[in-house]
Engineer: 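Sending over a structure as structure tokens; questions will come in a sec.
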Number of protein chains: 2
Amino acid sequence: MAGEDIDDVDKAILYALQEDARNMSSGDIAKRTGTSDSTVRKRIQRLESDGVVKGYSASVDYGKSGYPLRMLLYCTASIPKRGELVPEILEMDGVVAVQELVTGEQNLLVTAVGETDSDITSIAQELLDMGLTVADEVLVRTHETTPFGKFDAERHAENDS
Amino acid sequence: MAGEDIDDVDKAILYALQEDARNMSSGDIAKRTGTSDSTVRKRIQRLESDGVVKGYSASVDYGKSGYPLRMLLYCTASIPKRGELVPEILEMDGVVAVQELVTGEQNLLVTAVGETDSDITSIAQELLDMGLTVADEVLVRTHETTPFGKFDAERHAENDS
DNA sequence: TGTGAAATAGAGCCTGA
DNA sequence: TCAGGCTCTATTTCACA
């Protein structure tokens, strides 16, 4: 019910918070949007309580912090139990992400980070112990993310009067 | 060269910043680590300049903000050009992540977000125009992330005096 | 590591659509 | 009635020693 009422100011806020969630002040965003800092702060609170903003996280280079291995583990779970398993998998030491995929097979994609192969195999073993099948493992060489472009007002400057 | 000198204080900082990069003050982290807030702030600056912390980003629920489609696009690129293409792909409107995979085939994994199918097919077309082959597309039902457990001092309380 | 100046966030109030 | 903007106070940050 808190869905589609995302206007251009909200998008600009979301984009700014994706660019730099820690150092971007409400005043900075206010300057971009032509509003006041208190308005931006209240908008952010609303976006948070509506669940549009789920949280703020530092992006860490795991390689530089001593954990050079990043792997994708493709798992198969029975359909009814798939969703219930996700929180448990997220608690596992070394798992940084879990995605439910809409495919017949290999419907859980687990991203694991570790220092050595044994860290990863340990996670794979835990997944097996939960009753999951680990169908494939792929090593990730690089991983880059970027703010969502459709929140960027600059790039979508077509329909403003 | 800025690699392995990550001590327990650094790990606690990294964990705290992954938990809540925006609202976690240096003082909060100082209380956890038994140091002072100015020490924490200087540590953070060092982690940032060393590239261990790559940035801070808001985690957005794209579904609730009007973009319910999240897809994984598995692409094949010739090995020599693969790395050079990544920045260009990240610039594409709707792409939120690109990963280089260490496999013979399907060695680029692009995560795209959109409102409708045509948003995604548009991205797929752009990838084709770059000379990439889109080998497979998978819809993502849910996507959850979590802080890296090995940075959590609580969970690894074995070798403290 | 600790201190003082500047900036930022949060709560309450007021205005206008 | 409610969202935007203003003001005041408590925190937080930054630069300095």
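Naming convention: chains lettered A, B, ... in sequence-line order (proteins, then strands); numbering from 1 in each chain.
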Engineer: side-chain contact (heavy atoms from CB on, under 4.5 Å) with A/T145: which residues, sequence neighbours excluded?
Structural biologist: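 Result, side-chain contact (heavy atoms from CB on, under 4.5 Å) vs A/T145: A/H143, B/A97.
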Engineer: For a quick test of your reading: what N or O donor-acceptor pairs under 3.5 Å do the side chains of residues 118-129 of chain A make, sequence neighbours left out?
Structural biologist:
{"unit_1": "A/S118", "atom_1": "OG", "unit_2": "A/T116", "atom_2": "OG1", "d": "2.9"}
{"unit_1": "A/D119", "atom_1": "OD2", "unit_2": "A/E115", "atom_2": "N", "d": "2.7"}
{"unit_1": "A/D119", "atom_1": "OD2", "unit_2": "A/T116", "atom_2": "N", "d": "3.2"}
{"unit_1": "A/T121", "atom_1": "OG1", "unit_2": "A/D117", "atom_2": "O", "d": "3.3"}
{"unit_1": "A/T121", "atom_1": "OG1", "unit_2": "A/S118", "atom_2": "O", "d": "3.0"}
{"unit_1": "A/Q125", "atom_1": "NE2", "unit_2": "A/D129", "atom_2": "OD1", "d": "3.0"}

Engineer: Enumerate, atom names and distances included, each donor-acceptor pair closer than 3.5 Å involving a side-chain atom of residues 71-79 of chain A, sequence neighbours excluded.
Structural biologist:
{"unit_1": "A/Y74", "atom_1": "OH", "unit_2": "B/Y74", "atom_2": "OH", "d": "2.8"}
{"unit_1": "A/T76", "atom_1": "OG1", "unit_2": "A/Q106", "atom_2": "N", "d": "3.3"}

Engineer: Identify, with sequence neighbours excluded, every residue that meets side-chain contact (heavy atoms from CB on, under 4.5 Å) alongside A/A12.
Structural biologist: A/T33
Engineer: Once salt bridge (Lys or Arg N to Asp or Glu O under 4.0 Å) is applied, do any residues pair with B/D136, and if so which ones, sequence neighbours excluded?
Structural biologist: none
Engineer: On DNA chain D, reading 5' to 3', which nucleotide is the first and which the last to sit with an atom under 4.0 Å from a heavy atom of chain B, could you check?
Structural biologist: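 Here the contact window of chain B covers D/dT12 to D/dC14.
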Engineer: In chain order, what residues pass the salt bridge (Lys or Arg N to Asp or Glu O under 4.0 Å) check against B/K54, with sequence neighbours excluded?
Structural biologist: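 B/K54: no salt bridge (Lys or Arg N to Asp or Glu O under 4.0 Å) contacts found.
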Engineer: Using a 4.0 Å heavy-atom cut-off, write out nucleotides 3-15 of chain C from 5' to 3' as B (base contacted by protein), S (sugar-phosphate only) or - (no contact).
Structural biologist: -----SBBSBB--
Engineer: My understanding is that only residues two or more places apart in sequence, or in another chain, count here; which of them pass ring pair (Phe, Tyr, Trp, His ring centres under 6.0 Å) with B/Y56?
Structural biologist: none
